[in-house]
Structure formats: C-alpha cells, structure tokens
Amino acid sequence: MSTEENPAAAPRSLAEALRGRDDVSLAALLRSRPDLITPVPTDLTQLATRAGTRASVVRALERLDRFTLQTAQALAIASDPATYAELLGLMAGDDGDPAVSAALPHALGTLRAQALVWGGDDRLRLVRTARELLAPSPQHPSPTGLGPTVREAGAGISPGRVQEILATAGLPSTHDSVSALNALAGLFDDPERMSALLDQAPSESVEVLERLVWGPPYGQVTADPAPRLRWLLDRGLLLPTAPGTVVLPREVALRLRAGRAHRTTEPVPPPVEAAAAHRPQMVDATAAGQAYTALATVEELLKDWHEGGPAVLRAGGLSVRDLKRTAVALDVPEPVAAFWVELAYTAGLLASDGEADERYAATPAYDEWREEPAGERWARLATAWLAATRTPGLVGERDAKDRTLSALGPGLDRSAAPEVRHRVLALLAGLPEGAAPDAGSLLARLRWERPPRADRTGGGAPSPYARRTPAPPAEGTRGVAARAGGSGAPGYPADGASGAGGEDDLRSRLARWTLAEAEMLGVTGRGALSSHGRALIGAPPAPRRADTRTEPRGPGDKLPVHHRQTPLPPALSPAEQATAAAAAARLLDPLLPEPLDHVLLQADLTAVAPGPLERPLADVLGVLADVESKGGATVYRFTPASVRRALDAGQSAADLHAFLAAHSRTPVPQPLAYLIDDVARRHGHLRVGAASSYVRCDDDAVLNEILADKRAAGLGLRRLAPTVLAARTDPAALLEGLRAMGFAPAAESAEGDVLIARADAYRTPPRTPPEPVPDGPPVPDDTLLAAAIRAVRAGDLAFTAPRKPVGGEAGATPGELPRTTAAETLAGLQAAVLTNDTLWIGYVNAEGGASQRVIAPIRVEGGFVTAYDHTADEVRTYPLHRITGVAELAE
C-alpha cells in the first residue's frame with residue numbers, strides 16, 4: 001500500500017524512514033557514508049541525527065555525481081515536501097526530456113540510499129541541512145541561478161506597496177500582505193496568465209528578464225529606475241530586497257525557463273574519447289621499456305645515496321639545492337626527480353637515518369627489493385604509487401603559510417590522490433584495447449563524477465543585469481552579483497589549486513599528474529593502459545576496437561567511444577591488490593629484457609653493456625668503473641680512481657684481471673690491463689692508521705717526498721720513525737689528502753690489516769613506509785557492518801520500547817532517567833529475576849555519562865546485577881550503586 005493510500009504509513013522523520021529499512025539498505029548507507037559509524041551510534045535516532053549534521057552532509061554532497069547533485073539542488077528549491085512529479089518538472093522542464101526522465105529514478109534512489117532524501121514519491125523531503133546548504137540565498141547563490149520565492153522576497157515590502165503591485169498586475173486587492181503575495185505567486189505559476197502579462201511587457205523589459213533569468217538573479221537599481229525597470233517593479237516581476245537591490249523571483253524565473261531548474265542537465269556521464277589508437281603489442285612494449293627505466297632510475301638514485309644522502313632540512317625534506325643535484329645525477333628535470341625520490345620514499349626504500357646529523361639513505365628493505373625479480377620490484381613500486389597520498393606534483397609550490405613545499409617534506413599529502421589515480425586508470429581500462437584517451441574528455445568525465453566546489457555551492461557567469469555593476473553592500477555584505485561571478489567562485493586554496501570549477505581544481509591537477517606519472521612508471525605506454533597496468537587495478541579484459549586504425553587520420557582526429565563503455569573496476573581491498581600486483585608482475589616479466597652476463601671491453605678504457613646486467617656483474621662493475629652514459633646500452637669508463645676503489649673494496653689485481661676476462665666478449669685491452677697493474681703496484685704502498693692517524697711505508701724515500709711536498713702542510717705530518725709519519729688529522733682526511741697528492745694509500749686497522757671499504761655499507765635502521773593520509777574514516781568491512789547494524793537495531797529496540805510512567809507520574813518525559821530509591825531499585829531487580837521480566841533502568845558510568853538501558857536481569861548478588869542488555873545486545877554486569885532507578889516497560 002502506498003503512502004497516498006495510507007498516510008499514516010508515511011514516515012514522519014528521517015529516523016522513522018531509517019527504521020523502515022532492511023539490514024542490506026542500512027549496510028549500503030554506512031558503506032557510502034562511513035563517518036556515520038565512527039563511533040557506532042546507539043540507535044537509529046542517533047544515526048539519523050548524525051546523518052543530518054553539517055559536516056556529514058557536506059561530505060556526502062561532495063561525493064555525488066553531477067546529475068545526482070543537480071537533483072538535490074532541484075529539491076532544495078522545490079516545495080517541502082515535494083512530489084516526484086514536481087521534481088521531474090524541475091529537472092526535465094515543461095516539454096520533458098526523455099534522458100532526464102530515464103535517469104532521475106536512479107539519482108533519486110542514490111539520494112535516498114545515502115539518507116539525503118526521505119519519504120515516498122508523494123512526500124519527498126531533502127534533509128534540512130542539505131536544503132540550507134543548497135537553497136539560494138543572498139549570501140550563498142545557488143548553482144541553479146534562482147533567487148528567493150515571491151513570499152520570501154516580498155516579506156519586507158510594505159503592505160501598501162504590495163497592494164499597488166496587485167493592482168498594477170490586474171489582481172484584486174486583498175486584506176493582508178500574506179494573501180496578496182500568495183495571489184501574486186499564483187499569477188506567476190499560471191502559464192496562461194503569465195504569458196498574457198509578459199505579452200504586455202515592453203521589449204526592453206523582456207530583455208532585462210532574459211538577462212537575469214539564468215542568474216545571478218540580483219541586480220542594482222537607482223532611486224529613479226528607468227521605464228523598462230519601473231514596468232517590471234510595478235508588476236512584481238522584480239522585487240526589492242534591500243535599498244537599491246532587486247531580485248527576480250523564483251516563480252518568474254522558472255516560468256521563463258519553461259520550468260527547468262538548470263540551464264543544462266547532464267543525466268548521462270560524458271564519454272571518454274580516444275585521441276589515438278595503437279597496437280596493443282606496441283603499447284605493452286613501450287610500457288615495459290618505461291618500467292625497466294623506472295627500476296634503473298630508482299636503483300641509480302639509491303646507489304648515489306649508498307653512503308648517506310643529502311641532509312634533512314630542519315623543517316623536513318630535501319633542500320632545493322639537493323633536489324637540483326639529484327636531478328643532475330639522474331639526468332632528469334627537477335619535477336621528475338621529485339617524483340622518483342617520493343616514489344622510493346613511499347615504497348619504503350628510502351628514509352632518514354634518525355641520527356643527530358640527520359641524512360637520507362637507503363633502508364634495509366632496499367637490499368631485499370634488489371634481490372626480487374624485476375616484475376615483482378616494479379609491482380611493488382606501482383602498488384605503492386597507487387595507494388600513496390603524497391603528491392610530488394606539489395613540490396615547489398607554497399602552502400597556506402607561504403612556505404615552499406619540498407620533496408620528502410611535510411605538506412605533500414592529498415587524501416584524494418589514491419582515488420583519482422584509480423579512477424583515471426579505471427577510465428583508461430574502459431577504452432578499447434590500445435586506445436590513448438583525450439585528456440580533455442577524461443577531465444570532463446572526472447568533473448561530472450565529482451563536480452568542483454563551485455558547481456556544488458554556487459557560482460556562474462557574472463551578473464548580466466542591465467547596469468552590469470555589482471549590487472551595493474546590503475546588511476553588511478558585499479553585493480550578491482559580485483560574489484556570484486565566476487572569478488570569485490570558491491576553490492581549493494588549501495590544496496594549491498588556482499580556482500574551483502576550472503580545469504585547475506585539485507582533482508583535475510591530480511588527474512594530469514596521474515597520466516604523466518603512469519607513463520613514467522610504465523603503467524601506460526603511449527598514453528594507453530598496458531596489459532600489466534590493467535592487471536594492476538584488477539580490470540577485466542579490454543574491449544576490442546571496432547575501428548582498426550592505428551593512428552588518427554589527421555590533426556584533431558579523434559576516435560569517439562560511446563558512453564556505455566566497459567564497467568569500471570571497483571577499488572580493491574589490500575588482499576585483492578596483492579593478488580593483482582602478482583598478476584601484473586607475471587605479465588610484465590616476459591616483456592623485460594633478460595639480464596646479461598657479459599660486457600664489451602674497448603681499447604679506450606671503456607666497457608659497453610648492451611643491456612641490463614646480472615646483479616653480481618653490475619655490482620662489481622659499478623665499483624670498478626664509472627658510468628659515462630646511459631640508455632639502451634650503458635657505457636662504463638675505467639679510471640685510476642675507479643680501479644683504486646675496487647682495490648679498496650678488497651679486490652686484488654689478479655681478481656680484477658680474472659673478472660674482466662670472464663665477463664668480456666672481447667679480449668681485455670692492453671691499456672686496461674696496464675692501468676690495473678699500475679694502480680695495484682702503488683696501492684697499499686702507504687699505510688694509514690689512527691694515531692690520531694699515521695702513515696707508514698717501508699720505503700723512507702717516499703715518506704721524505706711526502707714531507708717535502710708543500711701540499712702536505714695542512715696534514716700536520718711529522719716523522720716518528722724512518723718508516724712512520726704521524727698526522728694531526730683523522731685517517732679519512734689523511735687518506736683523501738694523500739690521494740689528492742697523487743699517492744694511492746690504503747687504510748689499515750689497529751691490527752695492521754688492510755681495511756676493506758664497502759660502497760653500500762650505510763643503511764638506515766629498519767623503517768616502515770609512510771602511511772597514506774585517509775580521506776575521512778575508512779570504509780567498514782562486512783564484519784564491522786554486521787556488528788554495527790546489530791548493535792544499532794538492539795539499541796533502537798530498547799530506545800523505542802514503550803515504558804510505564806516514571807515514579808507513578810502521569811507520564812515520562814522523553815529522555816528522562818527513571819528515579820527510584822536504592823531499596824526500590826533492589827526490589828525491582830530481584831522481582832524481575834524471579835518473573836523473567838524486562839526493565840528500563842537509568843545508568844551512570846564511571847565518567848559520569850548518563851544513559852537509558854533496557855535489560856533482562858539474570859541474577860542480583862554482591863552489589864551487582866548481571867543482565868542481558870538489549871541496548872548493547874550482550875550480557876553485562878552493572879554495579880547497583882550506579883543505577884539511578886528502574887521502571888517497568890509498558891505492555
């Protein structure tokens with residue numbers, strides 16, 4: 001039976017509407033609005049109250065798509081309550097729009113499911129807070145561009161003036177202003193009479209109405225209005241709201257708009273168009289090449305910081321100078337370098353060491369990561385990138401306190417980043433296989449799914465009123481027309497966006513950064529989602545292209561894709577994400593080049609690696625030679641310093657000769673062999689230890705040469721014995737000083753053994769990756785939802801149970817705790833144990849919080865009552881001295 005047939009069945013409040021829902025519907029509500037379950041409400045009345053709070057409603061409105069939001073905005077200007085027919089008229093207009101008619105039930109169902117609208121189709125009610133947020137007012141213009149109703153705008157007009165307007169409009173006079181304004185509103189609501197009135201209007205007056213009809217509806221007039229304005233004012237088509245300010249009443253605007261609340265309704269999401277199409281094999285190959293480059297770049301970054309990276313700023317993060325040095329070392333622009341640094345930090349491969357002189361360095365997890373297969377290493381980076389809230393694109397911008405945001409520093413977290421990344425990749429997954437998206441259509445789709453703040457809270461074109469000037473200050477505020485202009489629309493200043501509603505809002509910027517970062521990381525290739533990128537987000541197989549072109553035919557040629565694309569994949573749980581990452585790694589592994597076990601030695605003291613090298617070979621060669629150039633083939637150069645570095649690491653000349661002979665496809669060039677032997681012959685001839693430090697050498701002539709050299713003056717050397725020199729400097733400085741003089745000393749321990757220097761010896765203590773900053777409370781899982789709904793149902797059952805009057809009074813005040821003496825309380829509880837009755841008690845906890853509970857006592861002993869608590873849906877024990885009183889439940 002509908003509510004029209006049975007009015008008594010219609011819910012009178014949101015709490016009653018929630019009480020009529022089943023558990024599946026309540027679970028859907030709590031899943032879509034997780035803030036309602038933090039903490040778990042005690043009953044459905046508290047849940048309804050929480051669902052109507054301003055913070056919760058704003059959060060819910062921010063997650064509506066454009067058409068659903070337009071539906072809520074239309075309800076905000078409709079009568080309260082409204083009928084479905086009235087809402088349909090506001091959305092589809094007098095002529096009707098089939099697309100709007102088809103999409104409106106789903107949008108209304110979404111608003112109902114999220115507890116923003118309640119009531120049947122004959123009595124639709126928008127929750128009060130949402131109506132206050134979305135309804136037009138001088139302080140907060142509505143995105144609909146509509147103004148107040150005739151009754152609202154005419155409330156401040158004198159009764160005599162109202163009667164004059166009635167007479168001029170051809171209506172009979174009334175006995176009071178209320179009935180007069182009702183009569184005027186009835187005129188504007190009547191299509192025939194309204195058409196007849198407008199037919200009498202001068203063309204100049206009609207032009208004024210046409211300029212105001214789509215908003216903003218406010219304008220400014222002088223003390224002596226022009227005839228075209230006077231004609232409108234005399235008939236109530238414009239009403240004064242403040243001295244010098246007039247407004248177009250809502251009824252007039254709707255009649256001029258043919259009943260439409262919005263100039264343009266968007267019931268269907270805009271399609272994501274393909275700008276180009278490529279062969280899937282080419283996309284995967286390009287993405288795999290980018291993935292290999294990503295792995296090599298991260299390794300190169302952390303290898304450069306093996307012995308301790310840049311210092312940590314006092315406020316946290318990298319300095320601008322260190323970021324520039326890193327960019328030069330990686331041979332990339334600074335924004336790209338910031339991305340790689342942040343990616344390594346997000347993946348837990350990089351952190352600060354926590355020392356007094358704090359520096360950045362690789363973590364122990366980096367050593368584990370290096371030993372994993374290439375596909376798994378890439379999947380670990382890509383998974384960390386997907387879930388990260390840190391946003392490298394903000395590096396270099398300024399925060400709200402005008403401080404520069406630095407890489408690895410605070411202030412880079414944006415909670416919307418993971419969702420935007422997933423949505424962008426999901427939209428790419430909906431395109432045909434190998435199709436690269438048109439960025440403009442992709443951003444338009446994202447803005448439809450989550451409209452910018454200006455579309456939610458007001459804004460639009462500047463007022464087109466005849467004088468084109470803002471209204472004067474009224475009641476201490478600026479002119480409404482000025483505030484409603486597009487340049488003054490509220491934006492995201494805290495997020496560094498340049499303006500809301502335009503393409504530079506935060507979500508649009510995050511989407512652009514996602515496209516660029518996905519290409520650098522190898523998730524996409526040539527702009528199209530790769531097969532391993534598709535597996536990474538758990539997307540289904542790509543749809544096949546109907547158009548077999550591999551490139552656009554000409555400039556601006558696009559491949560349109562209908563809006564009914566493949567269903568977008570949902571966000572994955574942590575377990576599902578781990579499974580998806582493993583699948584992506586399996587797909588990527590065959591596309592990556594196989595590591596090589598050889599190099600090509602050349603006579604100019606260089607070695608060419610024609611591809612990626614096996615880990616042991618790369619590690620040894622990285623110590624023995626310096627990287628001269630990178631690319632498809634890496635060129636290494638051998639120098640005296642690099643050979644000495646290998647000798648310092650514990651290698652001998654024979655080891656180096658054997659290593660090169662085993663891993664070179666070409667004979668070892670004679671110049672390289674001579675270089676190794678020459679450096680090895682002099683290596684370790686001098687020995688440096690701690691005296692503070694000392695130098696010892698069996699050849700006293702060499703020591704004489706050192707003492708005679710003017711460059712040794714700063715070392716503070718003096719002879720202790722024919723073969724020993726002492727120095728004031730520490731061993732490390734002494735080593736560097738002697739090497740700068742052209743010698744090749746070796747460090748030795750206190751026992752006289754040669755110390756072996758490891759290039760990768762320094763690591764931070766174990767560190768955990770940075771936790772993403774959540775965008776509000778996390779979505780509850782099914783177990784928590786089931787427990788929460790069970791507790792809410794139990795609490796609501798206890799709260800709504802009929803109760804007898806407290807203390808014998810005629811009635812009990814709602815919310816009043818039962819009050820009885822200690823003897824009466826004990827007697828009532830003992831009697832309930834014997835009769836197995838249920839009681840209503842008042843209880844004060846240890847913190848002093850008072851609550852009402854419905855319990856079924858089981859036993860009373862030792863100053864405690866053990867009972868089944870219907871409110872908590874479990875057995876609990878309560879101290880008797882904390883019970884304020886007991887009362888029986890009504891039959």
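Computed from a predicted structure; not experimentally measured.
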Peer 1: Is Asp589 paired with Arg377 through a side-chain N to carboxylate O contact shorter than 4.0 Å?
Peer 2: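 No salt bridge links Arg377 with Asp589.
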Peer 1: Any side-chain to backbone donor/acceptor pair from Asp438 onto Ala275? Under 3.5 Å, distance only.
Peer 2: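 Checked: no pair found.
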Peer 1: Look up atom CG in Leu75 and atom CG in Leu134, then write down how far apart they are to the nearest 0.5 Å.
Peer 2: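 Answer for the CG-CG pair, Leu75 versus Leu134, is 9.5 Å.
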Peer 1: With side chains defined as the heavy atoms from C-beta onward, is the minimum distance between Leu442 and Leu515 less than 4.5 Å?
Peer 2: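 SC-SC contact between Leu442 and Leu515 confirmed.
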Peer 1: Within the side chain of Gln577, is there an N or O that forms a donor-acceptor pair under 3.5 Å with the backbone of Leu536?
Peer 2: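 Side chain of Gln577 to backbone of Leu536: a pair is present.
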Peer 1: So, Thr524 and Glu519: side-chain donor and acceptor under 3.5 Å apart, yes or no?
Peer 2: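 Yes, Glu519 and Thr524 have a side-chain donor paired with an acceptor closer than 3.5 Å.
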Peer 1: Could you tell me whether the side chain of Arg66 and the main chain of Arg447 form a donor-acceptor pair under 3.5 Å?
Peer 2: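 Between the backbone of Arg447 and the side chain of Arg66 there is a qualifying donor-acceptor contact (under 3.5 Å).
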Peer 1: If I compare all heavy atoms of Leu126 with all of Ala72, which pair ends up nearest, and what's the gap?
Peer 2: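 The answer is CD2-O, 3.7 Å.
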Peer 1: If you round to the nearest 0.5 Å, how far is CZ of Phe339 from CG of Leu330?
Peer 2: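 That separation rounds to 12.5 Å.
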Peer 1: Looking only at atom types and distance, does a side-chain atom of Thr38 sit under 3.5 Å from a main-chain N or O of Asp35, one as donor and one as acceptor?
Peer 2: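 No, the answer is negative, given that no donor and acceptor are paired below the 3.5 Å cut-off.
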Peer 1: Any heavy-atom pair between the side chains of Pro595 and Leu613 that's under 4.5 Å?
Peer 2: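 Counting from C-beta outward, Leu613 and Pro595 never come under 4.5 Å.
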Peer 1: Gln70 and Thr264: which non-hydrogen atoms are nearest, and at how many Å?
Peer 2: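 Between these two residues, the closest heavy atoms are NE2-O, 3.0 Å.
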Peer 1: Would you compute the distance between atom CD of Glu299 and atom OH of Tyr366 and round it to the nearest 0.5 angstrom?
Peer 2: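 Atom-to-atom, Glu299:CD and Tyr366:OH are 5.0 Å apart.
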Peer 1: If you round to the nearest 0.5 Å, how far is NE2 of His422 from CG of Leu386?
Peer 2: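 Interatomic distance, Leu386 CG to His422 NE2, rounded to 0.5 Å: 7.5 Å.
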Peer 1: Test Leu88 against Ser101 for side-chain contact (heavy atoms from CB on, under 4.5 Å), laying out the working first.
Peer 2: CA-CA 7 Å; Leu88 179 60; Ser101 301; 3.7 Å; yes
Peer 1: Do side-chain atoms of Tyr360 reach the backbone of Gly317 as a donor and acceptor pair under 3.5 angstrom?
Peer 2: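 Yes.
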Peer 1: Are Glu368 and Thr363 packed together at the side-chain level, in the sense that at least one heavy-atom pair is separated by less than 4.5 angstrom?
Peer 2: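 Not touching, per the 4.5 Å side-chain cut-off.
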Peer 1: Contact between Tyr292 and Leu591 at the side-chain level, heavy atoms closer than 4.5 Å - yes or no?
Peer 2: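 No, too far: nothing below the 4.5 Å cut-off.
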Peer 1: Using a 4.5 Å cut-off on heavy atoms from C-beta on, say whether the side chain of Leu295 contacts that of Leu381.
Peer 2: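 SC-SC contact between Leu381 and Leu295 confirmed.
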Peer 1: Run Glu62 and Arg450 through side-chain contact (heavy atoms from CB on, under 4.5 Å) and show every step you take.
Peer 2: CA-CA 7 Å; Glu62 287 178 344; Arg450 288 286 182 85; 6.0 Å; no
Peer 1: Does the salt bridge (Lys or Arg N to Asp or Glu O under 4.0 Å) test come out yes or no for Arg534 and Glu433, once each step is laid out?
Peer 2: CA-CA 10 Å; Arg534 189 178 301 275; Glu433 196 174 17; over 6 Å; no
Peer 1: Donor-acceptor pair, distance only, cut-off 3.5 Å: does the side chain of His532 make one with the backbone of Ala583?
Peer 2: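 Judged by distance alone, no pair lies under 3.5 Å.
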Peer 1: Decide yes or no on side-chain contact (heavy atoms from CB on, under 4.5 Å) for Asp781 and Leu785, but give the supporting numbers first.
Peer 2: CA-CA 6 Å; Asp781 56 24; Leu785 280 176; over 6 Å; no
Peer 1: Could you verify whether a donor N or O on one side chain and an acceptor N or O on the other, from Ser56 and Arg50, lie under 3.5 Å apart?
Peer 2: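 Result is no, nothing qualifies.
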Peer 1: Less than 4.5 Å apart, any side-chain heavy atom of Pro437 and any of Leu428?
Peer 2: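 SC-SC contact between Pro437 and Leu428 confirmed.
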Peer 1: Does any part of the side chain of Pro105, heavy atoms only, come nearer than 4.5 Å to the side chain of Tyr84, both counted from C-beta?
Peer 2: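 Heavy-atom side-chain distance check passes, below 4.5 Å.
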Peer 1: Can you name the one residue among Val773, Leu394, Asp399 that meets side-chain contact (heavy atoms from CB on, under 4.5 Å) with Leu412?
Peer 2: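 So the option named by the test is Leu394.
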Peer 1: Roughly how far apart are Met282 CE and Ser530 OG, rounded to 0.5 Å?
Peer 2: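 If I round to the nearest 0.5 Å, the distance is 14.5 Å.
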Peer 1: Quick check: closest heavy atoms across Pro778 and Pro34, and the distance to 0.1 Å?
Peer 2: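 Looking at all heavy atoms of both residues, the shortest contact is O-CB, 3.4 Å.
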Peer 1: Which pairs would a plain distance check flag for residues 107-118, meaning a side-chain donor or acceptor within less than 3.5 Å of a matching protein atom at least two apart in sequence or in another chain?
Peer 2:
{"from": "Thr110", "atom 1": "OG1", "to": "His106", "atom 2": "O", "distance (Å)": "3.0"}
{"from": "Arg112", "atom 1": "NE", "to": "Gly119", "atom 2": "O", "distance (Å)": "3.1"}
{"from": "Arg112", "atom 1": "NH2", "to": "Gly119", "atom 2": "O", "distance (Å)": "3.0"}
{"from": "Arg112", "atom 1": "NH2", "to": "Asp121", "atom 2": "OD1", "distance (Å)": "2.7"}

Peer 1: Any donor-acceptor pair under 3.5 Å linking the side chain of Arg423 with the backbone of Leu446?
Peer 2: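 Here the side-chain-to-backbone pair does not exist.
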Peer 1: Any donor-acceptor pair under 3.5 Å linking the side chain of Thr144 with the backbone of His262?
Peer 2: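 Answer holds: no.
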Peer 1: With a 4.5 Å cut-off on side-chain heavy atoms, are Leu521 and Trp378 touching?
Peer 2: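 Side-chain contact under 4.5 Å: yes.
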Peer 1: Return the minimal non-hydrogen interatomic distance between Leu443 and Ser508, and the atom names on each side.
Peer 2: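 Leu443 and Ser508 have their closest heavy atoms at CD2-O, 3.8 Å.
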Peer 1: Determine, step by step, whether Ile537 and Val523 satisfy the side-chain contact (heavy atoms from CB on, under 4.5 Å) criterion, reporting the C-alpha distance in whole Å, the side-chain angles of both residues, the deciding distance to 0.1 Å, and the verdict.
Peer 2: CA-CA 10 Å; Ile537 61 171; Val523 177; over 6 Å; no
Peer 1: Determine whether the side chains of Thr68 and Asp65 contain a donor N or O and an acceptor N or O closer than 3.5 Å.
Peer 2: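 A donor-acceptor contact under 3.5 Å links the two side chains.
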Peer 1: Hey, could you give me each pair passing side-chain hydrogen bond (donor to acceptor under 3.5 Å, both in side chains) that has a residue in residues 381-391? Not counting sequence neighbours.
Peer 2: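 side-chain hydrogen bond (donor to acceptor under 3.5 Å, both in side chains) check on residues 381-391 returns Glu342-Arg390, Trp385-Glu517, Thr389-Asp413.
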Peer 1: So which atom in Trp448 and which in Pro267 form the shortest heavy-atom distance, rounded to 0.1 Å?
Peer 2: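 Smallest heavy-atom distance, with atoms named: CZ2-O, 4.1 Å.
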Peer 1: Quick check for you: to the nearest 0.5 Å, what is the distance between Leu47 atom CG and Leu26 atom CG?
Peer 2: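 Here the interatomic distance stands at 7.0 Å.
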Peer 1: Of all residues at least two apart in sequence or in a different chain, which pass the side-chain contact (heavy atoms from CB on, under 4.5 Å) check with Thr293?
Peer 2: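 If we apply the side-chain contact (heavy atoms from CB on, under 4.5 Å) test to Thr293, skipping adjacent residues, the hits are Thr297.
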Peer 1: Any sub-3.5 Å donor-acceptor pair from Arg31's side-chain atoms to Val779's backbone N or O?
Peer 2: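 Looks like no, no N/O pair under 3.5 Å.
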Peer 1: Check Arg414 with Glu419, please: is the shortest side-chain N to carboxylate O separation under 4.0 Å?
Peer 2: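 Arg414 and Glu419: not salt-bridged.
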Peer 1: Considering all heavy atoms of both residues, which atom of Met520 and which atom of Trp340 are nearest to each other, and what is their separation?
Peer 2: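 Heavy atoms only, the tightest pair is O-CH2, 3.7 Å.
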Peer 1: Are Glu372 and Arg380 within salt-bridge range, i.e. N to O under 4.0 Å?
Peer 2: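 Salt bridge present between Glu372 and Arg380.
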